[in-house]
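Heads up: the structure comes next, in structure tokens.
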Amino acid sequence: MTTPKRALITGITGQDGSYLAEFLLQNGYEVGGMVRRTSSLNVERLASVLDKIKIVPGDLLDVASLVEAVKTFAPTEVYNLAAQSFVTTSWNQPEFTADVTALGVTRLLDAIRIVNPEIRFYQASSSEMFGKVREVPQSELTPFHPRSPYGVAKVYGHWITLNYRESFDMYTCSGILFNHESPRRGLEFVTRKISHQVARIKLGLAKELRLGNLDAKRDWGFAGDYVKAMWLMLNQDQPADDYVIATGETHSVREFCEVAFARAGLNYENYVVIDEEFFRPAEVDLLIGDPKKANDKLGWKPEVSFVDLVEMMVDADLEYCSSQI
Ligand code: NAP
Ligand code: G4F
């Protein structure tokens, strides 16, 4: 009999954490979800798996809690998805963002090194690290130029992950994931803000949608596709490595609006209002990833197209908002 694999996921209450938990359970894993203490438990996204996972207390700000989480759950793989992940907030709370999103990675890597350095480790790196892009499309070899405190913190997390691989011979991988979305995306991110407000407008609950820069371009994929890439990275016979995960297509926020409103039979130009409040001190104008290495070495490729993703999100929000009336 083979011993089941055990995965500890930090950030399990977030968008990616919920999809990854579902994927790993379907693949025979025992799953532990690290959850920080809050005044009310935030597990809505985990509804379908809550009775199948073990909740493990822990906070990226507290190394003792991380050592305890790794010791008690005894994982074979750790997926570090926890972060202060909203770019706008990182300008209001730069020190907090650095503490969680940058130093938190070192705390977790150290907990693993101390408890069991054989554990395989995945770090959620980000295309925000490319920022003011040095080349188009962006690959694993493109230099970083982050444009927000969040992006700067992710660059630190990325390099410390490589450093523990090189210093301590640990199996640590960094996935440079481009934007990935779903009906479970937080309401503050632009895609979900759009799909949710389209649904509210359609149902007569709102009259307009206030947005910032409509010309920003992103390489948007589906979160459900992207969590498979995380697992593939940790389950290779070849040495640990870093991979860009992207669709290889880019679309503007304006295009996202166009498709989302059209899905509800509306014209975005009649509802979108430009609001200075949502512009950023420094913008990332264009992201488009080159997923060739992940395709060649991991056999990974995205399955959900841009239009299907937008329509999936609008349909889900129409259903969700209707159920709230
Ligand atoms: P998300 O929905 O914002 O989830 C973030 C998670 O981190 C939540 O579970 C949150 O817990 C947890 N967390 C925050 N601070 C913590 C702390 N101090 N200790 C323990 N847990 C903490 O993010 P996501 O979209 O799923 O993204 C997952 C990861 O991938 C993040 O690291 C993000 O930066 C990175 N990433 C995301 C994308 C994307 O497009 N989605 C692209 C590239 C990289 P609470 O529920 O308690 O707040
Ligand atoms: O949806 P966003 O907030 O995502 P952003 O900044 O690209 O960050 C996301 O993707 C990163 C990967 O590249 C992750 F690492 C990160 O954790 C997060 O998941 O904004 C997308 C674009 C920006 O250019 C922004 O200026 O949309 C533009 N935008 C225009 N109006 C807006 C709005 N963004 C938000 N959130 N709200 C607006 O009203």
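Keep in mind that what you see is a predicted model, and the values were worked out from it rather than measured. Whatever order the structure lists ligands and atoms in, that order sets their numbers, starting from 1. Here, residue 1 is the first one in the sequence, and each next residue gets the next number.
- Scanning all protein heavy atoms for the shortest distance to atom 26 (O) of ligand 1 gives D16 N, 2.8 Å.
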**OP:** Please assess K5 against N27 for the test side-chain hydrogen bond (donor to acceptor under 3.5 Å, both in side chains), listing each intermediate value before the final yes or no.
**Re:** CA-CA 9 Å; K5 287 193 170 183; N27 284 279; over 6 Å; no
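- Of the candidates V105, T13, T101, it is T13 that places a heavy atom closest to atom 9 (O) of ligand 1.
- For ligand 2, the atoms sitting less than 4.0 Å from at least one non-hydrogen atom of L287 are 13 (O), numbered in the order shown with element in parentheses.
- Between A83 and ligand 1, a contact under 3.5 Å exists for at least one N or O pair.
- Remark: R6 qualifies as a cation-pi partner of F73 under the 6.0 Å distance and 45° angle criteria applied to the six-membered ring.
- Residue V100 touches ligand 1 through its side chain alone, judged by heavy-atom distances below 4.0 Å.
- Side-chain N or O atoms of S252 include none that pairs as donor or acceptor with a backbone N or O of K217 at under 3.5 Å.
- When the options D215, V253, D285 are ranked by their closest heavy atom to atom 28 (C) of ligand 2, first place goes to V253.
- Salt bridge K202/E319: absent, no basic N to carboxylate O contact under 4.0 Å.
- Among all non-hydrogen protein atoms, the one lying nearest atom 2 (O) of ligand 1 is Q15 N, 3.0 Å.
- In summary, the side chains of Q123 and T161 do not present any donor paired with an acceptor at a separation below 3.5 Å, with no hydrogens or angles considered.
- In this structure, I9 CD1 and F23 CZ are separated by 11.0 Å, a value rounded to the nearest 0.5 Å.
- Panel note: side chain S65, backbone G58; no donor-acceptor pair is recorded below 3.5 Å.
- Residue contact check: A124 has heavy atoms under 4.0 Å from atoms 29 (C), 30 (O), 32 (O), 35 (C) of ligand 1.
- Proximity to S127 (heavy-atom distance under 4.0 Å) selects the following atoms of ligand 2: 12 (C), 13 (O).
- Shortest contact from atom 39 (O) of ligand 2 to any protein heavy atom: K193 NZ, 2.7 Å.
- When hydrogens are left out, the protein atom nearest atom 43 (C) of ligand 1 is L177 O, 3.1 Å; that is the closest non-hydrogen contact.
- Nearest residue to atom 28 (C) of ligand 1 from V35, D62, L81, N80 is L81 (criterion: closest heavy atom).
- In this structure, a donor-acceptor pair under 3.5 Å is present between the side chains of S182 and Q15.
- Closest to atom 6 (C) of ligand 1, if we only count protein heavy atoms, is G11 CA, 3.6 Å.
- Close approach of ligand 1 to S125 (heavy-atom distance below 4.0 Å) involves ligand atoms 43 (C), 44 (C).
- Scanning the protein heavy atoms around atom 3 (O) of ligand 2, the nearest turns out to be R280 NH2, 2.8 Å.
- Residue contacts with ligand 1, taken as heavy atom pairs separated by less than 4.0 Å, do not involve F86 at all.
- Residue F168 qualifies as enclosed at atom CZ: its count of foreign heavy atoms under 6.0 Å is above 12.
- Polar contact check, R218 against ligand 2: a nitrogen or oxygen pair lies under 3.5 Å apart.
- In E128, neither the side chain nor the backbone holds a heavy atom less than 4.0 Å from any atom of ligand 1.
- Looking at R184, E181, R185, M34, it is R185 that brings a heavy atom closest to atom 41 (N) of ligand 1.
- Nearest non-hydrogen protein atom to atom 48 (O) of ligand 1 is R36 NH2, 2.7 Å.
- In this comparison of A223, A82, G221, the heavy atom closest to atom 22 (C) of ligand 1 sits on A82.
- For the pair P281 and W91, the minimum side-chain heavy-atom distance is below 4.5 Å.
- When heavy-atom distances to ligand 2 are checked against a 4.0 Å cut-off, F86 comes that close only through its side chain, counted from C-beta outward.
- No salt bridge links K301 with D225; every basic N to acidic carboxylate O contact stays at or beyond 4.0 Å.
- Using a 4.5 Å cut-off between side-chain heavy atoms of Ile, Leu, Val, Met, Phe, Trp and Tyr, with links allowed through other members, F256 and V307 fall into the same hydrophobic cluster.
- On a distance-only criterion, Y150 and ligand 2 share at least one N/O pair closer than 3.5 Å.
- Using a 4.0 Å cutoff on heavy atoms, R185 counts as a contact of ligand 2.
- Among all non-hydrogen protein atoms, the one lying nearest atom 42 (C) of ligand 1 is H180 CE1, 3.3 Å.
- Shortest contact from atom 10 (O) of ligand 2 to any protein heavy atom: N179 ND2, 3.0 Å.
- No side-chain donor from either of E188 and T88 sits under 3.5 Å from a side-chain acceptor of the other.
- Judged by distance alone, the side chains of E135 and T142 do bring a donor and an acceptor atom under 3.5 Å apart.
- When each atom of ligand 2 is checked for a heavy atom of S126 under 4.0 Å away, the hits are 11 (C), 12 (C), 13 (O), 14 (C), 15 (F).
- When all heavy atoms are compared, the tightest approach of G221 to Y226 is CA-OH, 3.5 Å.
- Set against the non-hydrogen atoms of E283, the atoms of ligand 2 under 4.0 Å away are 23 (C), 24 (O), 25 (C), 26 (O).
- Inclusion of N42 in the set of residues having an N or O under 3.5 Å from an N or O of ligand 1 is warranted.
- When only interatomic distances are considered, the shortest N/O to N/O separation between L60 and ligand 1 falls below 3.5 Å.
- With D242 as reference, R165 is the one residue of K297, R165, K293 to meet the salt bridge (charged side-chain N to carboxylate O under 4.0 Å, His left out) rule.
- The ligand atoms of ligand 2 that sit less than 4.0 angstrom from a heavy atom of E188 are 35 (C), 36 (N).
- The part of V87 lying near ligand 2 is the side chain, judged by heavy-atom distances below 4.0 Å.
- The residue from A216, G212, A124 that puts a heavy atom closest to atom 31 (N) of ligand 2 is G212.
- Set against the non-hydrogen atoms of D59, the atoms of ligand 1 under 4.0 Å away are 17 (C), 18 (N), 19 (N).
- At the shortest separation from atom 3 (O) of ligand 1 among protein heavy atoms lies S85 OG, 2.6 Å.
- Ranking the protein heavy atoms by distance from atom 4 (O) of ligand 1 puts G14 CA, 3.4 Å first.
- Of the protein's non-hydrogen atoms, the one nearest atom 1 (O) of ligand 2 is V190 N, 2.9 Å.
- Annotation for ligand 1: atoms under 4.0 Å from non-hydrogen atoms of N179 are 40 (O).
- Atoms CD1 and CZ, on I194 and F261 in that order, are 7.5 Å from each other to the nearest 0.5 Å.
- Compare W220, F96, Y226, Y150 by their heavy atoms: the one nearest to atom 36 (N) of ligand 1 is in Y150.
- Side-chain atoms of D16 and H180 form a donor-acceptor pair, as typed in the model, at a separation below 3.5 Å.
- Between atom CD1 of residue I112 and atom CD of residue E77 there is a gap of 11.0 Å, rounded to the nearest 0.5 Å.
- Applying the side chain to side chain donor-acceptor pair (under 3.5 Å) test between R107 and each of D99, D62, D59 identifies D99 as the sole match.
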